[in-house]
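Single-structure report; data block below.
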Protein chains: 2
Amino acid sequence: MKDTKQKIIDAAITIFNEDFSAPLENVADVAEVTRRTLHRYFADRQDLVNACQNTMQESCRKAMEEVYSNFENPLERFENMLYAAIDCGVKFSFLHRLHNNEHHSHSQHNNDCKNYDRTFNKFKSTLDELKNAGLLDASLTMEWIEMLVTGIVTAAINSEKAGNVARTNIKKFSWHSLSRGILA
Amino acid sequence: MKDTKQKIIDAAITIFNEDFSAPLENVADVAEVTRRTLHRYFADRQDLVNACQNTMQESCRKAMEEVYSNFENPLERFENMLYAAIDCGVKFSFLHRLHNNEHHSHSQHNNDCKNYDRTFNKFKSTLDELKNAGLLDASLTMEWIEMLVTGIVTAAINSEKAGNVARTNIKKFSWHSLSRGILA
DNA sequence: GACATATTTCTCAGATATGTGACATTCTCT
DNA sequence: AGAGAATGTCACATATCTGAGAAATATGTC
């Protein structure tokens with residue numbers, strides 16, 4: 001049985017991902033609690049948003065580091081980082097958007113940003129390894145490949161939500177399309 | 001000089017795409033008008049949202065039909081539909097999200113939905129042509145490919161916004177990644 | 001200058017969202 | 001059964017958003 005606080009955070013991530021200014025009532029509904037209970041755990045909207053940030057951050061960081069330590073081969077690392085990102089699902093893309101939209105000035109001084117960078121750098125350095133090994137298509141830029149990965153994660157999430165692609169196929173297809181799309 | 005009404009609609013598409021429940025004040029700010037002026041053109045929030053819908057609908061439909069009539073070859077059609085979708089940018093992905101999120105029950109009876117389907121079917125039928133010509137990787141499903149395309153359009157939009165991929169390269173990279181990702 | 005039209009400014013009332021206090025109810029242990 | 005914690009209910013104060021009227025100001029046209 002998931003504890004209430006976590007249930008609220010999960011609901012908030014779901015709702016805020018779709019509609020960042022949605023009323024807290026909607027979050028409470030999805031979490032199956034009262035608005036009053038929500039406020040027992042979170043002082044105000046900002047407090048809840050921060051909790052979402054931390055949860056997403058921690059979840060993604062853990063997933064990335066696990067892959068990083070479990071695989072040596074750059075190509076395997078890369079493939080499994082894609083799978084990890086898909087598993088983190090909404091958390092991954094939501095976090096990505098938060099740190100890259102125009103209203104957010106990404107700064108090294110901010111602690112959230114530092115954590116985000118640390119996590120995402122694990123991913124970038126793996127990409128660099130691939131490049132140095134000559135495995136990447138040289139006509140593409142690193143920046144495009146980063147964007148493409150998040151685009152494919154988005155596709156995977158949408159497929160999952162829409163339910164029109166067999167669950168067991170989603171990761172397979174994602175890697176199929178990504179690897180052919182960027183490897184030499 | 002763009003007329004005010006259109007300016008407001010464009011601002012609304014930008015803002016609502018990022019934050020669907022954002023206050024109208026934000027829309028007015030981006031459109032560089034007063035909230036009062038906004039209300040002289042649009043009765044209420046819903047009215048504005050509808051106008052956005054229509055604009056996006058029309059813009060995408062026109063772009064798709066133009067490609068459809070200008071190209072005979074299925075592969076060229078497909079490639080140029082991708083470019084058209086990227087040109088429509090936010091309009092394309094926003095529209096797609098509106099018709100595919102969980103709070104929207106997509107129905108053939110609704111006129112908006114009918115238009116959306118008609119536009120999107122142009123795209124699907126082109127995909128079918130490719131499949132029948134044996135050009136698609138047989139291990140992938142049509143549904144996945146549809147999702148992938150919108151994912152790549154998202155990647156293109158984000159690249160454009162972030163400005164870290166040369167403008168002239170975005171379409172090239174998009175097609176490169178998409179075509180290798182799905183063609184046999 | 002006179003005129004029509006578009007926009008801003010200021011204003012306000014109603015609606016909706018937010019956060020909290022007081023107390024009732026339910027759940028969970030032992 | 002009964003203590004204690006968690007949650008729900010209800011009422012309330014406050015803040016923000018929304019939509020609209022009225023008058024002032026700008027913009028363009030003849």
Side-chain angles (χ1 to χ4, degrees), chain A residues 1-59 90-91 94-95 97-98 101-105 112, chain B residues 1-56 58 90-91 94-95 97-98 101-105 112:
Chain A
M1 171 77 173
K2 205 160 38 168
D3 89 318
T4 307
K5 189 166 185 176
Q6 195 55 51
K7 207 170 165 189
I8 294 173
I9 293 178
D10 290 344
I13 291 175
T14 303
I15 293 292
F16 290 158
N17 184 48
E18 267 190 356
D19 182 355
F20 195 69
S21 296
L24 296 180
E25 184 96 46
N26 296 9
V27 176
D29 286 347
V30 172
E32 295 177 296
V33 290
T34 327
R35 200 164 53 83
R36 190 63 188 82
T37 300
L38 185 152
H39 277 297
R40 288 203 175 95
Y41 288 93
F42 304 96
D44 54 25
R45 188 186 194 89
Q46 191 53 50
D47 190 21
L48 176 56
V49 170
N50 291 340
C52 290
Q53 277 254 46
N54 293 337
T55 295
M56 296 189 291
Q57 197 73 69
E58 189 56 20
S59 163
V90 172
K91 298 195 188 80
F94 191 5
L95 199 53
R97 208 155 18 132
L98 275 185
N101 77 11
E102 42 196 327
H103 304 306
H104 169 75
S105 52
D112 283 333
Chain B
M1 172 77 171
K2 206 159 40 168
D3 87 319
T4 307
K5 188 166 185 175
Q6 195 54 52
K7 209 170 165 189
I8 294 173
I9 292 178
D10 290 342
I13 290 176
T14 303
I15 293 292
F16 290 158
N17 183 49
E18 266 189 356
D19 183 354
F20 195 69
S21 296
L24 296 180
E25 184 94 46
N26 297 9
V27 176
D29 285 348
V30 172
E32 296 176 294
V33 289
T34 324
R35 199 164 55 83
R36 193 64 190 82
T37 302
L38 185 152
H39 276 296
R40 288 182 56 256
Y41 288 93
F42 304 97
D44 54 25
R45 188 187 195 85
Q46 191 53 51
D47 191 20
L48 177 56
V49 170
N50 290 340
C52 290
Q53 278 253 47
N54 293 338
T55 295
M56 297 189 291
E58 190 55 20
V90 172
K91 299 194 187 79
F94 190 8
L95 198 54
R97 214 167 5 153
L98 275 183
N101 77 12
E102 42 197 328
H103 304 305
H104 169 75
S105 54
D112 283 332

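Labels below follow one simple rule: chain letters A, B, ... track the order of the sequence lines, proteins then strands, and each chain is numbered from 1.
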When rounded to the nearest 0.5 angstrom, what is the spacing between [atom1] in [X] and [atom2] in [Y]?
{"X": "A/Phe94", "Y": "A/Glu18", "atom1": "CZ", "atom2": "CD", "result": "11.0 Å"}
{"X": "B/Asn17", "Y": "B/Arg97", "atom1": "CG", "atom2": "CZ", "result": "4.5 Å"}
{"X": "A/Ile15", "Y": "A/Glu25", "atom1": "CD1", "atom2": "CD", "result": "11.5 Å"}
{"X": "A/Leu95", "Y": "A/Asp112", "atom1": "CG", "atom2": "CG", "result": "8.5 Å"}
{"X": "B/Thr34", "Y": "B/His39", "atom1": "OG1", "atom2": "NE2", "result": "11.0 Å"}

Worksheet item: Which heavy atom in A/Ile9 sits nearest to a heavy atom in A/Cys52, and how many Å separate them?
Response: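 The pair with the smallest heavy-atom distance is O-SG, 4.0 Å.
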
Worksheet item: Mind checking whether A/Met56 and A/Leu98 have side chains closer than 4.5 Å, heavy atoms only?
Response: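 Yes, their side chains come closer than 4.5 Å.
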
Discussion item. Within the 4.0 Å limit for protein heavy atoms, which parts of nucleotides 14-21 of chain D are touched? Write it as a string from 5' to 3', B for base, S for sugar-phosphate only, - for none.
Written reply: ---SBBBB

Fill in: Contact letters for nucleotides 24-30 of chain C, in which S counts primed atoms plus P, OP1 and OP2 and B counts the base, heavy atoms under 4.0 Å
-------

Just the rounded figure in Å: distance from [atom2] of [N] to [atom1] of [X].
{"X": "A/Ile15", "N": "C/dA17", "atom1": "CD1", "atom2": "P", "answer": "13 Å"}
{"X": "A/Leu38", "N": "C/dA17", "atom1": "CG", "atom2": "P", "answer": "15 Å"}
{"X": "A/Asp3", "N": "D/dA6", "atom1": "CG", "atom2": "P", "answer": "11 Å"}

Think [X] has a side-chain N or O under 4.0 angstrom from the OP1 or OP2 of [N]?
{"X": "A/Tyr41", "N": "D/dT7", "answer": "yes"}
{"X": "B/Thr4", "N": "C/dT7", "answer": "yes"}
{"X": "A/Thr37", "N": "D/dG8", "answer": "yes"}

Worksheet item: In terms of heavy-atom contacts, does CD of A/Gln6 have more than 12 from other residues, nucleotides or ligands at under 6.0 Å?
Response: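 Counting neighbours around CD of A/Gln6, more than 12 heavy atoms of other residues, nucleotides or ligands fall under 6.0 Å, so yes.
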
